[in-house]
Q: 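To start, I am sharing the structure in question, which I have written as structure tokens.
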Amino acid sequence: MATTMVEGGVPHSRHNAKLAKRTASWKPGILPFLLPFVLLVAFGLWSYRPSSSPLSWALTVVWSLPVVGVLVGIQGALLIRRRVRQSDRMTPAAPADQDFLIVLCPTIGRHDTYPALERSVLSYVEHMPEWFPYMRVDILTEEGCEATEAIDRLAASHPLIRVITVPKAYVPANGTRFKARANHYAHELRIEEGEALDHVWVLHMDDDTGVGPDTASSLAQFINRQRRAHPDEAKHMAQGILTYPRENAVSLFTWLADAVRPADDIARFRALTGLGTPAAGVHGELLVIRASIEATIGWDFGPKEIVEDARLALTFCRKYPGRSDWFNGRCYGASPANARDFVKQRDRWAWGLVALCFNKAVPWRYRWFLSICVATWILGPLQHIVAVLCIGLLVGDMNTSPVTQSIVILWAFNFAYVIWTYWEGLRLNALASVSGRRKWWEPIVVVALIPVFSVLEGLGGFKGFLKFVRREENKFVVIAKPA
């Protein structure tokens, strides 16, 4: 095994010290959920008018459907608050000097994605060695990619970086394509090099997603905790939080729209992945897994797989139930450059997730929760209040009350949760930024724009669903990466 010992560490800048302090004291807020909930219940009960029309029945079902995911999300946030209260009883973070860390960063290697790749890779070699004396950064590229020369220069700039080039002729046994194909090549290489061991961990990152001091310390704390745990209880995989610093954004609009993503990490992902069974899937950045466990799963899921991270998670559920966790570390990505790329990104995710929900190779008991969440997503355009009012106008029935008054409380619960996700997600993204705080007007704007953001989210989800229904050829679309 190729290992490199790094003496000492890189001194933290003043920004890094403040960032570490802010993230250590953060916990999800409760008031941003409770206040909208109370107001929505009051308004809903006041405006309720009995109805048993087809529109009321349809709305009763469609607007109530998200409650399963909402309940799981609330559980995740409460679990974080409990862990923060108990943090003083946890063993303090210390360097993981008995384990070997491989940071794997796949990239399509285009010129427009290289600046973000360089930013991300340099953050790995700046922040990780202090906490991981034995580590390596593997940049995973395709043979003949546009930015080959620049990537080679980047690798030559630091002894911890190496480039793994996937040959064009490489075809996995099941014909897997796209990013999963590259991941499978790296996985086979680790097995060949004798690195598929219990004390070797693979940290999967995206080429536009960097790390900070809190990332490294939280990850080291998690890995050391597994070394101390009983072999029958030690975790094999974990997920952290994906945030979007303001400085990485080229579009304020998409930065605000992406407030929902870190909120999902502290809600659904915290609850399910953190309790051992990642039935909601995982995302491909800040995902750490034992090399020995990854070797038993691999990434060769077939040529139609375009959400390889979610498929890996559901396979993990089946093979290693109860053995995943969540850690309170952040990675730092960049929102899409514009609304078009935002929709295109969601389009690909929905396309792949719908296919995964119908994939009978994954047992239903591991697909049902994801299927409910995806169904809620792709029905987004039909759930939108503007669409509902237009339908009501066409059928001559503008009464949008549910069939029974008690459903009003359920709707208020769901809608308050949506407001909370954007409010708390914006807070997380602001904490990850240089200033460390939201501007006074940003919470107001992000809540006011939720109807607009939901259109974009729903449009992407519905387009992905239509591509699945039409059986279009699978494509792994890589959007431009803001530097």
Side-chain angles (χ1 to χ4, degrees), residues 23 26-28 68-84 86 90 104 183 201-206 209 211 214-215 218-223 225-226 229 233-243 260-290 293-294 296-297 299 307-331 333 349 352-353 356-357 362-363 365-374 377 417 421 424-425 428:
T23 55
W26 168 86
K27 60 183 177 182
V68 177
V70 170
L71 288 170
V72 171
I74 293 295
Q75 180 190 22
L78 293 177
L79 285 170
I80 293 177
R81 290 182 63 87
R82 186 176 71 175
R83 179 176 287 192
V84 171
Q86 298 173 346
M90 297 177 66
L104 184 68
N183 281 350
W201 294 83
V202 183
L203 177 63
H204 291 273
M205 300 294 294
D206 274 356
T209 309
V211 299
D214 71 297
T215 321
S218 296
L219 181 58
Q221 188 177 38
F222 163 77
I223 290 176
R225 191 160 59 244
Q226 308 324 308
E233 299 177 353
K235 309 301 182 182
H236 301 319
M237 182 174 77
Q239 180 91 70
I241 308 171
L242 171 61
T243 62
V260 72
R261 290 199 66 194
D264 216 18
D265 285 351
I266 63 170
R268 289 189 309 151
F269 289 139
R270 169 60 186 95
L272 294 175
T273 305
L275 291 176
T277 306
V282 293
H283 49 69
E285 54 271 279
L286 206 54
L287 172 66
V288 65
I289 183 170
R290 290 186 196 270
I293 298 301
E294 186 173 333
T296 68
I297 300 175
W299 298 85
V307 286
E308 69 293 328
D309 41 14
R311 177 63 185 278
L312 176 81
L314 297 192
T315 305
F316 184 93
C317 287
R318 176 173 56 84
K319 300 188 72 170
Y320 305 100
R323 306 301 286 272
S324 70
D325 202 354
W326 178 93
F327 65 96
N328 192 15
R330 283 99 166 135
C331 61
W349 293 345
L353 289 173
L356 182 57
C357 291
V362 179
R365 64 182 179 274
Y366 302 122
R367 287 184 285 134
W368 72 266
F369 178 79
L370 184 63
S371 298
I372 291 176
C373 294
V374 172
W377 183 12
Y417 178 77
T421 58
E424 196 64 38
L428 280 165

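One-based numbering along the sequence shown.
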Q: Is it true that, when you exclude Arg82 itself, more than 12 heavy atoms of the residues, nucleotides or ligands shown sit nearer than 6.0 Å to its CZ?
A: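 Atom CZ in Arg82 is not crowded, with 12 or fewer foreign heavy atoms closer than 6.0 Å.
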Q: If every non-hydrogen atom of Ile293 is compared with every non-hydrogen atom of Ile289, which pair is closest and at what distance?
A: CG2-CD1, 4.2 Å
Q: Side chains of Tyr320 and Ile297, heavy atoms from C-beta outward: is any pair under 4.5 Å?
A: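 SC-SC contact between Tyr320 and Ile297 confirmed.
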Q: Write down the atom of Gly274, the atom of Asp325, and the distance for their closest heavy-atom approach.
A: O-OD1, 3.4 Å
Q: Between His283 and Asp265, is any side-chain donor less than 3.5 angstrom from a side-chain acceptor?
A: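 Looking only at side-chain atoms, Asp265 and His283 do form a donor-acceptor pair, the distance falling under 3.5 Å.
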Q: Less than 4.5 Å apart, any side-chain heavy atom of Arg311 and any of Val362?
A: yes
Q: Could you tell me if the side chain of Gln239 sits less than 4.5 Å from the side chain of Pro278, heavy atoms only?
A: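 Side-chain contact under 4.5 Å: no.
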Q: When Trp201 is tested against each of Glu294, Arg290, His236 for side-chain contact (heavy atoms from CB on, under 4.5 Å), which residue passes?
A: Arg290
Q: Only one of Leu242, Leu203, Leu312 passes side-chain contact (heavy atoms from CB on, under 4.5 Å) with Leu287; say which it is.
A: Leu312
Q: Tell me whether Arg330 forms a cation-pi arrangement with Trp26, defined as NZ or CZ under 6.0 Å from the six-membered ring centre and within 45 degrees of its axis.
A: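 The answer is yes; both the distance and angle limits are met.
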Q: Testing the basics here: between Ala77 and Pro28, what is the closest heavy-atom pair and its distance to 0.1 Å?
A: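 Where Ala77 meets Pro28 most closely, the heavy atoms are O-CG, 3.8 Å.
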Q: Check Val374 against Cys357 and note the closest heavy-atom contact, atom names and distance.
A: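 Closest heavy-atom pair between Val374 and Cys357: CG2-SG, 3.9 Å.
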Q: About how many Å separate CG of Leu314 and OG1 of Thr277, when rounded to the nearest 0.5 Å?
A: 11.0 Å
Q: Are Leu104 and Asn183 close enough that some pair of their side-chain heavy atoms sits under 4.5 Å apart?
A: yes
Q: Over all heavy atoms of both residues, which pair between Arg367 and Leu356 is shortest? Give the atoms and the distance, please.
A: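 Looking at all heavy atoms of both residues, the shortest contact is CD-O, 3.4 Å.
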Q: Can you confirm whether Leu353 sits close enough to Trp377 that some side-chain heavy atom of one is under 4.5 Å from a side-chain heavy atom of the other?
A: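 Yes. Closest side-chain heavy atoms under 4.5 Å.
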Q: Over all heavy atoms of both residues, which pair between Phe269 and Gly281 is shortest? Give the atoms and the distance, please.
A: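 It is CE2-O, 3.1 Å.
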Q: Give, for atom OG1 of Thr209 and atom NE2 of His204, the distance between the pair rounded to the nearest 0.5 Å.
A: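 Nearest 0.5 Å value for the OG1-NE2 distance: 13.5 Å.
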